Amino acid sequence: YCQCSQCKTAYEVSDDVISKKGKLVRCSVCDKVWFQSQQRLLKRDTKTFLVDVPHETLETLRSSKSGSAAVKHLRPRKIEAFIGNLPPHFEEKDLLELFAEYGVLALSVVRDTDGQNKGFAFIQ
């Protein structure tokens, strides 16, 4: 899929729609135009899903003078956080259990070259 950098609207696009040379695409919500290449298409994982925007909502966004401001209200808030002072035995699964109620999108426990937990992590 590809995503508008201005309003963050995502579009499901198959590889055959974008040629190997790339293609100019336009956001149907905010009218931003950008060059999309096949190499920069985003891949969905099991945690990422796309939802169709109802036609009425799309028309409202298009007709608003500040379409991108209206789109911000539709996007879920993402918070990125640093977590420090972790005990050496803490693993990803321990942090996932602690933060599960907040809907963890990504988690990274920082480790040294021996694979030991360095005592901090990043979570989204």
Side-chain angles (χ1 to χ4, degrees):
Y1 69 99
C2 63
Q3 187 174 37
C4 174
S5 63
Q6 183 168 320
C7 70
K8 304 302 183 209
T9 301
Y11 299 92
E12 188 147 17
V13 179
S14 60
D15 290 341
D16 58 327
V17 172
I18 307 289
S19 71
K20 291 189 186 247
K21 293 181 181 180
K23 182 177 186 175
L24 281 178
V25 293
R26 178 185 305 274
C27 178
S28 63
V29 175
C30 69
D31 277 342
K32 177 174 176 56
V33 176
W34 73 93
F35 181 80
Q36 182 67 53
S37 66
Q38 275 187 353
Q39 296 83 10
R40 297 198 46 112
L41 284 174
L42 302 167
K43 302 292 183 199
R44 289 193 298 165
D45 58 22
T46 57
K47 297 177 185 175
T48 304
F49 60 94
L50 302 177
V51 178
D52 288 335
V53 175
H55 183 71
E56 301 80 28
T57 305
L58 189 56
E59 288 304 317
T60 302
L61 293 172
R62 284 183 186 149
S63 65
S64 73
K65 290 183 181 178
S66 59
S68 60
V71 172
K72 288 180 183 175
H73 298 298
L74 296 175
R75 291 189 311 230
R77 279 185 33 199
K78 287 185 191 175
I79 297 173
E80 295 178 8
F82 169 83
I83 304 167
N85 296 328
L86 293 175
H89 66 277
F90 250 56
E91 298 289 331
E92 283 84 354
K93 64 178 176 56
D94 300 316
L95 287 172
L96 283 172
E97 288 174 14
L98 283 173
F99 291 94
E101 66 183 284
Y102 302 106
V104 175
L105 298 175
L107 173 69
S108 175
V109 174
V110 180
R111 300 183 181 281
D112 63 16
T113 55
D114 297 327
Q116 285 292 331
N117 168 353
K118 285 183 131 184
F120 63 98
F122 297 95
I123 193 166
Q124 183 181 47

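These numbers come from a predicted model, not from an experiment.
Closest approach of Q36 and W34 over heavy atoms only: OE1-NE1, 3.0 Å. Between Y1 and A10 the shortest heavy-atom distance is CD1-CB, 3.9 Å.
Within the structure, no pair that satisfies the side chain to side chain donor-acceptor pair (under 3.5 Å) test touches residues 18-27, not counting sequence neighbours. Listed by first then second residue, pairs satisfying side chain to side chain donor-acceptor pair (under 3.5 Å) with a partner in residues 86-99 read E91-R111, E92-R111, not counting sequence neighbours. Applying the side chain to side chain donor-acceptor pair (under 3.5 Å) test to pairs two or more places apart or on separate chains, those with a residue in residues 115-124 are E80-Q124.
Residue F122 belongs to a hydrophobic cluster whose other members are F82, V110, F120, with links defined by side-chain heavy atoms closer than 4.5 Å.
Applying the side chain to side chain contact (heavy atoms under 4.5 Å, CB included) rule to S108 yields no partners; only residues at least two apart in sequence or on another chain are considered. Among residues two or more places apart in sequence or in another chain, the side chain to side chain contact (heavy atoms under 4.5 Å, CB included) test is passed with F99 by I83, L95, Y102, V104, I123.
Proximity of L24 to F35: side-chain heavy atoms (C-beta onward) are separated by under 4.5 Å at one or more points.
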Test side chain to side chain contact (heavy atoms under 4.5 Å, CB included) applied to L98 and F90, step by step: CA-CA 11 Å; L98 283 173; F90 250 56; 3.7 Å; yes

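For D112, the CG atom sits in a packed shell: over 12 heavy atoms of surrounding residues, nucleotides or ligands are nearer than 6.0 Å.
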